[in-house]
Visitor: 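Can you read through this structure? Questions will come right after.
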Amino acid sequence: MPDTPTPEKPALGGYAARLRENHPVALHPPYRTSVKRSPTYAPISFPTTPSEEFGPTFGHTDLGPMDHDLLHNFGPKGESAIGPRIIVHGRVQDQFGGPVDGALLEIWQANAGGRYRHVREGYIAPLDPNFGGCGRVLTGPDGRYEFRTVMPGPYPWPNGPNDWRPAHIHFSVFGAGFAQRLITQMYFEGDPLIPLCPIVRTIHDAGAVKRLIAPLDMARTVPMDARAYRFDITLRGRRQTMFENRIEGL
Ligand SMILES: O=C(O)c1ccc(O)c(O)c1
């Protein structure tokens, strides 16, 4: 059977470039720390070695059995974290919609009250003794992944006088090696804080923002247990997910 081209798949196969136009500019003063963090000199490219490009590879033996269950992977007695229980699932795909097998996803998030378990966290919301906020999962041959957790709470941050981050989960995606790492944030459908967030507002393309917002997925909800949200991650192409660590010009 010939492969059916997707709308963006070149007839002769090949390569779809990154969508650089949608990448936020590095300097966006309403996102205050971007002023100090944005480069003032042109980026320098360093050559990589083959071992950085192709290894190490990740396998199921690298993950603990509870890594994908943030509800239970921290509490000393395996008790459930406090908060609305959710499943987050989706597919990691390439520019043509093909599955990306064996990608390592690492996730981190605040607890249901909006507080991170981190030494430099300053928000007054309480810690949950049964929630660490970190997890890991590998995609399968069909590119799919799934983990369960609590719905993170929104939280205030010292940017402007009254800026609040919408509820979000941070994602790091590793490909075949440490040099292939992409980082992004997932938001939740219906959150009124999304359009107000100075970090979200660095992204000028409405479609790119929409692709960071996971819709509620009632088909995957577990009755009397957990709601579900679907977050697909597309690595390249016209429908690519916006990644924070893709530097303009590279
Ligand atoms: O990069 C930052 O400054 C920053 C601030 C608050 C956040 O919630 C975050 O994810 C990033």
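In this chain, residues are counted from 1 in sequence order. These numbers come from the heavy atoms of this one structure, side chains and all, not from hydrogens, waters or symmetry mates. Counting starts at 1 for both ligands and their atoms, following the listed order.
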Visitor: Can you list the ligand 1 atoms lying under 4.0 Å from a non-hydrogen atom of Trp157?
Guide: 5 (C), 6 (C)
Visitor: If Ile, Leu, Val, Met, Phe, Trp and Tyr residues are connected whenever their side-chain heavy atoms lie under 4.5 Å apart, and connections chain through other members, are Tyr145 and Phe243 in the same group?
Guide: yes
Visitor: Under a 4.0 angstrom heavy-atom cut-off, which atoms of ligand 1 come close to Thr33?
Guide: 3 (O)
Visitor: One residue to check: Arg37. Relative to ligand 1, which of side chain, backbone, both or neither has a non-hydrogen atom less than 4.0 Å away?
Guide: side chain
Visitor: Which of the atoms in ligand 1, numbered in the order shown and given with their element, are less than 4.0 Å from a heavy-atom of His170?
Guide: 10 (O)
Visitor: Applying the 4.5 Å side-chain criterion to the ILVMFWY set and letting contacts propagate, would Ile107 and Leu182 be lumped into a single cluster?
Guide: yes
Visitor: Show me which atoms of ligand 1 lie under 4.0 Å from any heavy atom of Tyr155.
Guide: 7 (C), 8 (O)
Visitor: Which atom names give the shortest non-hydrogen contact between Ile203 and Pro24, and what distance separates them?
Guide: CG1-CG, 3.9 Å
Visitor: Linking I/L/V/M/F/W/Y whenever any side-chain heavy atoms sit under 4.5 Å apart, do Leu71 and Phe74 land together?
Guide: no
Visitor: If you measure every N/O of Tyr116 against every N/O of ligand 1, is any gap under 3.5 Å?
Guide: no
Visitor: Students should be able to answer this: which protein heavy-atom is nearest to atom 11 (C) of ligand 1, and at what distance?
Guide: Ile199 CD1, 3.8 Å
Visitor: Leu27 and Ser38: which non-hydrogen atoms are nearest, and at how many Å?
Guide: CD1-OG, 3.6 Å
Visitor: Parallel, tilted or perpendicular: which describes the rings of Tyr123 and Tyr155, with under 30° parallel and over 60° perpendicular?
Guide: tilted
Visitor: Pick from His168, His118, His170: which one makes a ring pair (Phe, Tyr, Trp, His ring centres under 6.0 Å) with Trp108?
Guide: His170
Visitor: List every atom of ligand 1 that sits less than 4.0 Å from any heavy atom of His168, numbering the atoms from 1 in the order shown and giving each element.
Guide: 8 (O), 10 (O)
Visitor: Near Gln185, which atoms of ligand 1 are under 4.0 Å from a heavy atom of that residue?
Guide: 10 (O)
Visitor: What closest approach, in Å, do Ile169 and Gln109 show between heavy atoms, and which atom pair accounts for it?
Guide: CD1-OE1, 3.7 Å
Visitor: Would you mind checking which non-hydrogen protein atom is closest to atom 1 (O) of ligand 1, with the distance to 0.1 Å?
Guide: Tyr31 OH, 2.4 Å
Visitor: Give a yes/no verdict on whether any heavy atom in Asn159 is under 4.0 Å from an atom of ligand 1.
Guide: no
Visitor: Considering only non-hydrogen protein atoms, determine which one is nearest to atom 9 (C) of ligand 1 and report residue, atom name and distance to 0.1 Å.
Guide: Arg165 NH1, 3.3 Å
